[in-house]
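Here's the structure we're looking at; comments come further down.
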Amino acid sequence: MTRHVLTGATSGIGAALARTLASRDDELVLLARSESSAAALTTDFPRAQVLLADLADPGTLNGIGRQVDGDVHSVIHVAGVVELAPVSRLRLHEWEEQIAVNLTSPAVLTRELLPHLRRSRGIAVFVNSSAGLTANADWSAYAASKFGLRAFADALRAEEIENGVRVTTVYPSRTATPMQEKVHEQEGRTYDSSRWISPQTVVSTILHVLDLPPDATIPDVTVRPVTPRPGT
């Protein structure tokens, strides 16, 4: 049985991915930041193991690898937060939260689960962003966290190749999720989900990466709309 450790399963791409993996009877280990979100995940995914950890406080991830029941074949980092602001008005707590959730916690969680991945010759998947490739005005903190995540994944890939651990970074462009709705609100723009990539399209890309035969790997993959739209 294939077991995946997944962050971000309460919303957006993470929720769509968790539902798809559960529908094919894969086993899930889901991270929840609070008792209430853990209860919601347990209701939605009764067969999953749900662990409490607040990604805004990376120290809560220390030792979490010892709590996972059984083997781990993949760790999939989907959770993320975004707060747009020009550098002149960027608040320290906004910077710190984005770095903690988007960069430091994936690094700590990966470290904690690395022994599992080495034993299974598994895969780490980082759902990054097009902001991890290009930084635009007002996106400094988010882009910095995603550029850092890209560097972390590249270093991990180089370190773990001899251990058989594969590492893939997925770079989706704007996707129709609650996070994108929040971004539009911050930008002062009207949100229209039909303009953006479907979460299920990103899920299909992740599944393709997860299901590759062991003789191949996809280090990086970018997902963009067929027709470029303003702001993507």
Side-chain angles (χ1 to χ4, degrees), residues 2-22 24 26 28-31 55 72-82 98 101-107 109-110 113-114 117 122-136 139 142-161 165-180 183 193 196-214 216-226 228-229 231-232:
T2 302
R3 181 178 286 106
H4 312 277
V5 177
L6 173 63
T7 69
T10 59
S11 182
I13 295 170
L17 178 60
R19 288 192 297 269
T20 302
L21 292 173
R24 64 184 204 173
D26 287 10
L28 299 176
V29 180
L30 306 176
L31 271 63
L55 300 186
V72 172
H73 301 92
S74 81
V75 54
I76 311 169
H77 303 279
V78 186
V81 295
V82 60
Q98 290 174 88
V101 174
N102 300 343
L103 174 57
T104 307
S105 282
L109 181 60
T110 301
L113 294 174
L114 206 46
L117 293 177
I123 183 170
V125 179
F126 297 87
V127 178
N128 199 295
S129 166
S130 57
L133 298 170
T134 304
N136 294 313
W139 289 77
Y142 184 77
S145 70
K146 293 299 188 177
F147 268 68
L149 189 64
R150 174 187 177 187
F152 176 80
D154 288 349
L156 179 70
R157 185 182 302 112
E159 292 172 3
E160 294 300 320
I161 188 170
V165 176
R166 294 181 286 182
V167 179
T168 294
T169 296
V170 180
Y171 299 95
S173 185
R174 295 199 184 215
T175 306
T177 64
M179 176 184 282
Q180 190 57 232
V183 165
S193 62
W196 312 117
I197 300 169
S198 164
Q200 199 60 46
T201 299
V202 182
V203 167
S204 297
T205 303
I206 296 170
L207 292 179
H208 177 66
V209 168
L210 293 175
D211 295 340
L212 276 177
T217 185
I218 298 176
D220 302 279
V221 57
T222 301
V223 186
R224 292 177 177 163
V226 173
R229 300 172 173 88
T232 58

Nearest heavy-atom neighbours spanning [X] and [Y]:
| X | Y | result |
| --- | --- | --- |
| Pro106 | Val101 | CD-O, 3.3 Å |
| Ser130 | Ser173 | OG-CA, 3.9 Å |
| Asn102 | Ser145 | ND2-OG, 3.1 Å |
| Ala15 | Thr10 | CB-C, 4.0 Å |
| Leu28 | Ala18 | CD1-O, 3.6 Å |
| Val78 | Gly14 | CG1-N, 3.4 Å |

Any non-hydrogen side-chain atom of [X] less than 4.5 Å from a side-chain atom of [Y]?
| X | Y | result |
| --- | --- | --- |
| Leu31 | Leu109 | yes |
| His4 | Val125 | no |
| Val82 | Gln98 | yes |

Got a second to check how far [X]'s [atom1] is from [Y]'s [atom2], nearest 0.5 Å?
| X | Y | atom1 | atom2 | answer |
| --- | --- | --- | --- | --- |
| Asp220 | Leu133 | CG | CG | 8.0 Å |
| Ser105 | Leu149 | OG | CG | 11.0 Å |
| Ile197 | Thr175 | CD1 | OG1 | 4.5 Å |
| Ile218 | Thr169 | CD1 | OG1 | 12.0 Å |
| Asn128 | Leu103 | CG | CG | 10.0 Å |
| Glu160 | Ile123 | CD | CD1 | 13.0 Å |

Check your understanding: Parallel, tilted or perpendicular for Phe126 and Phe152, by the 30°/60° rule?
Key -> perpendicular

Review point. With a 3.5 Å cut-off and no angle check, do the side chains of Thr110 and His77 form a donor-acceptor pair?
Key: yes

Review point. Is a side-chain donor or acceptor of His73 paired with a backbone partner of Arg3 at a separation under 3.5 angstrom?
Key: yes

Practice item. Determine yes or no for a side-chain-to-main-chain donor-acceptor pair under 3.5 angstrom, with Arg166 supplying the side chain and Ala216 the backbone. Key: yes

Distance-only check: which donor-acceptor pairs under 3.5 Å involve side-chain atoms of residues 201-209, not counting sequence neighbours?
residue : atom : partner : partner atom : Å
Ser204  : OG   : Gln200  : O            : 3.0
Thr205  : OG1  : Thr201  : O            : 3.2

**Study point:** side-chain hydrogen bond (donor to acceptor under 3.5 Å, both in side chains) involving Arg150 - partner list, sequence neighbours excluded
**Key:** none

Review point. In a check of side-chain contact (heavy atoms from CB on, under 4.5 Å) between Arg157 and each of Thr217, Thr168, Val167, Val165, which one passes?
Key: Val167

Review point. Just one of Thr20, Leu210, Leu21 clears the side-chain contact (heavy atoms from CB on, under 4.5 Å) bar with Asp26, so which one?
Key: Leu21

Review point. So with a 6.0 Å cut-off around CG of Leu212, is the heavy-atom count from everything else above 12?
Key: yes

